[in-house]
Structures are given as structure tokens and as C-alpha cells.
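A short write-up of the structure that comes next.
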Amino acid sequence: MEFRRVVITGMGAISPLGNEVGSMVDAVAAGQCATRIIEEWQKYPMLRSKVAAPVLGVDEKIIPRQDRRSMSKMSIYSALAAKQAIAAAGLSDAQVQSERTGCVISSTIGSTNTLASSIEKLLPDYDISKVTTMEFFQCISHTAALNVANHLTIRGMVYSPSAACASSMQSIGMGYDLIRWGEQDRVLCGGAEELHPMVTGSFDVLYAASKGFNDRPQQTPRPFDRDRDGLVCGEGAGILLLEELEHAQKRNAPIFGEVIGYHTCSTGDQISQSNSAAMIQCMTTALNKAGVKASEVDYVNAHATATPQGDCAEAEAIRTIFGSRTPVSSFKGHLGHTLGAAGALESIVCVEMARRNRLFPTHNLKNLDPDCAGIDHVVETREARTRTLLKNGFAFGGINATLLYRFNDRT
Amino acid sequence: MFTEAEIVQRTNKVLVEYFEIEQERLVPTAHIFQDFGLDSLDTVDLIVALQKEFDVTIRDDERIRQLGTLQSIYSFIAAVQQEMNTPTAP
């Protein structure tokens, strides 16, 4: 069976470093860090990590109330990013509303803000009648996907493959599979997340959230750095419009890159610890499925969230496959860990970075952890032409995901 | 017990806060479906909001099916309030 080719024809971003693709990538290119102190979190005395990477300056009322009523922040971000992607791709309303256009958008969980406020209302008297219908629509796990589909009148396939921090990696991978198998011609793919102290707290309780930089937020997170002390939660939404190559060419769509490979696999016996062997299996299988040799990969965008154990495991896995010949960096030092949005937002930065013939460094990597050594860490911006790019995303539950992108000559 | 004016003011506040209806459109003859564009899901949430605002239990009250104009909501809340405060025979 011959699989169809899948290209990226549109991208949209609402991120901690800007609410469109261009401004976000410019900020990453300029070496900005989105981490800041969250004053409202001071009221949580047992929350040790008081920093995060928030989205700023979104005017939610751009979306009509009738559509917005079922949206929490993550759905608003997703809808706005999806509209950016559609505009960039030049899709007509008829194409968006065709049954051949799908929507695969995920998040780690439904709206944590609405979950928390609903439970606060419900609990004193166990009175379910205090919770509105719209709060339920905001809490359900496919809330971002359903709201984007409703807002844009999507009539194709809608999925939400929630897998914690690998959620949007799986969304892009699923969109890629749906198109190459012929199930859909276009899919809006990506992920979303919204900040809440409960989310940061879930990492804090596992000693995985950064807690030593509450007075110096710009210095955290620090992927691969000796002094890293955990991740910093971020929020936002990243949406890529994937399209079958011939459809894209027929309508003279802009082609930003091609998805050439994807794999996801489970570690199998770990719910929180990263596992190098599983990461190696994931990356190797993605390469094999794409028919790409490790030596053909020009750059690896690491998941590297700045947790002590996770960064070491990933560095070991990359070292095993690529040795020290392939440049590697992580964007968590710029954007924070946008969790369900991370795979998509970081993929978008990767695409634009390749288009600019640059490699962006790992922000806040000042003193390399010896346990993360042996790979080619990008510590300052390089000029480089990237043809083949490998992107990693890993998640609680032992979920591993790898995407392969190709630029220029094949598209 | 809320006065008639308080019922109007609190009901209108619900419509402004929950449904983003402009204050100047809140006249007694305005219809929540035809004039404000609310739908059946909004009606469910309007009932949730009115229960909270007036501390009443109305979600299983058959009369909510007849709600349409703002005046009908004001009158309904006043009637419910009256019934709650009417002592029942021993």
C-alpha cells in the first residue's frame, strides 16, 4: 500500500512568548524566557513552585459568546490558533467545513480552572445543581477539540488523544496517519493547556517542578544544565494544519514542511520515570518507519523539560542513536513546559527555525550537566540548513512520541 | 423576600454577567430567545444562575417551560418567592 504524503500548510500559536507564530518565534530567536512569578499562587503555601509561563494579552471576546460559552482558556487559545492556521493556509470556509477536514486537538486534562471552580461550588453541600452545563463542557477531556470543531463547523473526524505531555505529539501523529491512510485530506492538529496551581502542584508533589528560582524566574527552567531543578508549567495552544500533498499543491497552498515519520510507544513498566531504552525504541522506530537513517537527521529537538532524571535519560537516548554529531536543543527554557501544547508549539518553532536556516539554543543552559554530555548541545544560535528534523515528546504514564519533519527539497 | 425592584435588578444582573446582554436591552418585554438569542442550553444555565441569585430551587418547576419575556421571569421569581414564604396548613 502506498501511503499519501502529508505537508504542513498552516500554523497558529497562542503562547507564553506571543500570540501568533511570528512573534513567538521572534521571541525564541531573541533568547527570551517566558517564566515569571505568579503572584496569585502566593496563597498556596505548600506549593513550592511559584513560577509559570503564562499567556498574556488574549482578547477572548473576539469569539462570539454562543461559541465561547463552552470554552475555558485552553479552548479559546485553540480556536484562535486554529483560525491563524486556516488563514495562513488560505483555506476556504467550504474546505474547512468539508467532511474531509478533521480536527485532532488534545490536552493533558479538561479545564483545570473550571474543574476546580466547579468542585468548589459542588462540595460544601454536594449540590450538583450549582454546576452549569457549560462548566461540564469545559471540564470534559476533549474540550479543546470539540470547541474548535464547533466554532469552525468541522464535519470530519474529531479526536483528542490525551497523553499528558505527549498529547499534541500524538495529535500531530494521528493527523499525519489519518491523511496518509486516506481517511482525511486535511486535519487541524495540535494541543492546548491552561495554567492552574493544581497542574504545577501535580509536578511539585513529584519533586519535578522548579522551586529554587522563585526569586529569579528568568533563570528557570534550565534544560540539561547542572543547576536545573525541574520544569516550569506553561500554557497556550499550537495548531498545525496538515494536508495531503497533492491537495495542497493543487490549490497552490504554502508548504512549510513535510511530516515524514511518527511513532509512539509505551515504556510499559513506569508511570513517572523516563526510560532511555523506551526513548531509543521510539526514535529508532520512527526513523525506520520513515526510511531515514540517524545520520540523515540534521537536528534533534529534545523534550528536555529540565527535570534531573528526564534530561539525563533523553541525553543518553540521543547519544546512543546520534552520538555527538547531531545538534540538539530544547525550547523549554524559552516557553516553559506547555504540557499538552508543547509538542505542537515546539514543532511550530522548529518549522520556522528551519525556514530561517537557524538552530536556536537551549535557553538557560550555562553549565552542562556531565550526565547530559556526549551530544552536540546547541548553546548559541547557529546558522544551519536543516533538511531532516526529529522532535521528541515524552509523558507521564511512560508515553513516548517522536515526529520527523523534512524541509525544502521534498516539498 | 426580595422586592419587585430587587428581583428586576438581580435578574438583569444575571443576564448581563452570564449572557453578556447589554443593560439597555433589558426591558420587560424583551424575549430571551427571540431578542437575546439564548437557546435551550442557555436556559438550563439561566435556571442555575437564578437559583443561586435568589436562593430558590426551580429546576424541576414546570413553569420554567413558559419563560420567555423578562417580565415572565420577574413574575415567576416573585411567585416562587411568595410560595416559599406562604405558611402551609398544619
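- The environment of Glu4(B) atom CD is sparse: at most 12 non-hydrogen atoms of other residues, nucleotides or ligands sit within 6.0 angstrom.
- Using modelled atom types, no side-chain atom of Asp45(B) and backbone atom of Thr132(A) make a donor-acceptor pair closer than 3.5 Å.
- Around atom CZ of Phe54(B), more than 12 heavy atoms belonging to other residues, nucleotides or ligands sit under 6.0 Å away.
- No more than 12 heavy atoms of other residues, nucleotides or ligands sit less than 6.0 Å from atom CZ of Phe137(A).
- Counting heavy-atom neighbours within 6.0 Å of Glu22(B) CD, excluding the residue itself, gives a total above 12.
- Heavy-atom distances place both the backbone and the side chain of Glu20(B) under 4.5 Å from chain A.
- A 4.5 Å side-chain heavy-atom check between Arg65(A) and Asp42(B) finds at least one atom pair inside the cut-off.
- Within a 6.0 Å sphere centred on CD of Gln71(B), other residues, nucleotides and ligands contribute more than 12 heavy atoms.
- The OG atom of Ser129(A) sits 11.5 Å away from atom CD1 of Ile47(B), with the distance rounded to the nearest 0.5 Å.
- Of the listed residues Met134(A), Lys121(A), Lys130(A), the one with more heavy-atom pairs under 4.5 angstrom with chain B than any other is Met134(A).
- Put simply, the side chain of Leu41(B) reaches to within 4.5 Å of the side chain of Arg69(A), judged on heavy atoms.
- Proximity to chain B (any heavy atom under 4.5 Å) is restricted, for Gln66(A), to the side chain, taken from C-beta onward.
- Within 6.0 Å of CG on Asp55(B) lie no more than 12 heavy atoms contributed by other residues, nucleotides or ligands.
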